[in-house]
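What you see is a predicted model; the values in this text were computed from it and never measured.
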Amino acid sequence: MTGFDLTALLAERGGERYELHARHLNHQLPRMLHTIGFDKVYERAQGAYFWDTDGQDYLDMLAGFGVMGLGRHHPVVRKALHDVLDAELPDLTRFDCPPLPGLLAEKLLTYAPHLDRVFFGNSGTEAVETALKFARYATGRGRILYCTHAFHGLTTGSLSVNGEDGFRDGFAPLLPDTALEMGDLDALERELKRGDVAAFVVEPIQGKGVHPTPPGFLRAAQELLHRHKALLIADEVQTGLGRTGDFFAYQHEDGVEPDLVCVAKALSGGYVPVGATLGKDWIFKKVYSSMDRVLVHSASFGANAQAMAAGLAVLAVMEDEQIVAGARHTGDLLRSRLAALVDKYELLHDVRGRGLMIGIEFGRPTSLGLRGRWTMLQAARKGLFAQMVVVPLLQRHRILTQVSGDHLEVIKLIPPLIIGEREVDRFVEAFTAVMDDAHGSGGLMWDFGRTLVKQALQTR
């Protein structure tokens, strides 16, 4: 028995959290958090809330970038993890077929009945990497098409289909893939006619900016791809598992049956990292075509017992608590109440999304006074106004949100799927107060905006 005591260690050194990160990890993270006033100290969390050292609650409208679909510390998921640890299973022997991966695969596939098999990895980017490799091998072609502004992960393969230059800069050479404007079927067909395209990978709702695919686009793209013997890959890493009011976001459009589907994030229950790539039988049988190729694609920690137990518990909770229907209902309520504010505030231009994936977009105002302030911010750095909204939501109203991407005037709401009318009321009241301040003749927001401008100019 060692003398290790995690509780004592956290009590002794937990207060050094920001210093430890600055010294040993990504030093820019604490710097950024200090700059925007996000350097809070959270002590505990439950459901859709955090509590700080003073016992004040904070509403989480970010869900760990979508990981916490069931909120934090759901009792069913916790129990499943206790159970699997107490069982002392012979996990990761690598030369057996344990039951939990088969059971989770079987259950996942009931939500996508046109698909047949699952590969388990450890993250969303691994799920995308798997889909890219499988598509290339199964078709015998090398090129992948993707959308501008897409986000599919940050490892080298998935970075090659990441449509944001800010993430790609400095990491070339990447794989020879091609970006298209989302919704541009003519461009898709032109690329397919070259005969070297393995697949088209697409988020049914882009995380950056919260842009749904245009109506009918996925179905038409699928028909074009199959006509040219290429595959459709749906990246459901963030949109999957009920986020958009359907189990998978591609199911919003009739007749769409992707050849490969990538999931992760919420499948973890917020505890054990997991990624999954669902696909058609013939694709898997091409990749794993003989016993010699049995390990041609694998992951050391893939399909571990803890991750599989968490995934099974998550799916059970989703069914028992009707999470998908709840996300649809609450999302419709939140989006409609926010959309009703568009005519009230000239800085508020659009509210869009589906289910509990909502984008709030700001834009150039019409009145002279506000237009001058807006222009000042835009000249320094696009995206500062959205940050001006995010900061008081946290500092004054104790609500955690995020800007939906660099240089974007869009806030993205991806709260835990368990929120209800109480949380909708709290967010709308706080957002209204912040917008009232932004449209006032003075306002603390614009003072903070001037501070952001100075900092933006200093970092150029």
Side-chain angles (χ1 to χ4, degrees), residues 92-98 100-146 152-153 155-161 174-178 192 195-202 221-222 225-237 240 248 250 256-264 267 273-304 307-308 311:
L92 298 178
T93 70
R94 309 321 314 183
F95 290 98
D96 74 337
C97 291
L100 292 178
L103 291 170
L104 180 55
E106 179 183 66
K107 189 64 178 177
L108 264 178
L109 290 167
T110 64
Y111 299 100
H114 71 287
L115 300 177
D116 309 291
R117 297 183 182 274
V118 181
F119 175 87
F120 287 113
N122 305 285
S123 65
T125 195
E126 279 190 46
V128 171
E129 294 275 1
T130 299
L132 299 182
K133 285 180 67 176
F134 281 27
R136 283 185 158 104
Y137 193 87
T139 62
R141 299 170 176 180
R143 197 158 57 105
I144 306 289
L145 306 180
Y146 64 98
H152 296 293
T155 50
T156 302
S158 56
L159 185 61
S160 300
V161 292
L174 299 172
L175 301 178
D177 298 323
T178 304
L192 288 170
D196 63 344
V197 173
F200 174 46
V201 58
V202 61
Q222 176 179 270
L225 288 159
H226 289 172
R227 191 184 311 158
H228 290 272
K229 302 187 186 313
L231 306 182
L232 175 63
I233 302 171
D235 181 345
E236 296 269 3
V237 168
F248 291 121
Y250 72 78
V256 177
E257 295 186 344
D259 302 286
L260 293 157
V261 176
C262 306
V263 298
L267 186 63
V274 64
T277 306
L278 289 63
K280 292 183 176 178
D281 182 70
W282 73 268
I283 297 173
F284 275 66
K285 284 185 174 176
K286 272 216 167 184
V287 172
Y288 299 110
S289 57
S290 68
M291 285 193 288
D292 289 343
R293 293 181 58 82
V294 66
L295 295 177
V296 72
H297 185 72
S298 62
S300 294
F301 287 96
N304 69 81
M308 301 297 96

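Side-chain atoms of Arg94 come within 3.5 Å of backbone N or O of Ser300 as a donor-acceptor pair. In this structure a side-chain-to-backbone donor-acceptor pair under 3.5 Å is present from Glu236 to Tyr250. A donor-acceptor pair is defined here as one N or O able to donate and one able to accept, closer than 3.5 Å; such a pair exists between the side chain of Thr277 and the backbone of Ala127. A distance-only check finds a donor-acceptor pair linking the side chain of Asp259 to the backbone of Leu232 [under 3.5 Å].
Looking at heavy atoms from C-beta onward, Arg136 lies in side-chain contact with Leu175 at the 4.5 angstrom threshold. Two residues are said to be in side-chain contact when any heavy atoms from C-beta on lie closer than 4.5 Å; Val256 and Pro258 meet this criterion. With contacts defined as side-chain heavy-atom distances shorter than 4.5 Å, the pair Val197/His228 does not qualify. Between Asp116 and Leu109 there is no side-chain heavy-atom pair separated by less than 4.5 Å. Contact check for Ile283 versus Leu231: side-chain heavy atoms found under the 4.5 Å cut-off. Asp235 places none of its side-chain heavy atoms less than 4.5 Å from the side chain of Tyr146.
Atom CG in Asn304 sits 7.0 Å away from atom CG in Asn122 (nearest 0.5 Å). Taking CZ of Arg117 as the reference point, atom NZ of Lys285 lies at 5.5 Å (rounded to 0.5 Å). The OG1 atom of Thr139 sits 11.0 Å away from the CG atom of Leu225 when rounded to the nearest 0.5 Å. Distance check, rounded to the nearest 0.5 Å: SG of Cys262 to CD of Glu129 gives 10.0 Å. From His152, atom NE2 reaches atom OG1 of Thr155 across 12.0 Å, with rounding to the nearest 0.5 Å.
Closest approach of Glu257 and Gln222 over heavy atoms only: N-OE1, 2.6 Å. Here the closest heavy-atom approach between residue Leu104 and residue Gly311 is recorded as CD1-C, 3.7 Å. The nearest pair of heavy atoms linking Gly142 to Asp177 is O-OD1, 4.0 Å. Scanning all heavy atoms of the two residues, the minimum distance from Gly302 to Leu92 falls at O-CD2, 3.9 Å. Between Leu192 and Ala230, the shortest heavy-atom contact is CD2-CB, 3.9 Å. Here the closest non-hydrogen pair linking Ala264 and Gly275 is CB-CA, 4.0 Å.
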Exercise for review: Carefully, step by step, assess Phe248 and Val263 under the rule side chain to side chain contact (heavy atoms under 4.5 Å, CB included).
Suggested key: CA-CA 9 Å; Phe248 291 121; Val263 298; 3.3 Å; yes
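Ring geometry for Phe284 versus Tyr288: interplanar angle of 30 to 60°, hence tilted. The aromatic rings of His297 and Phe119 sit tilted relative to each other, their planes meeting at an angle between 30° and 60°.
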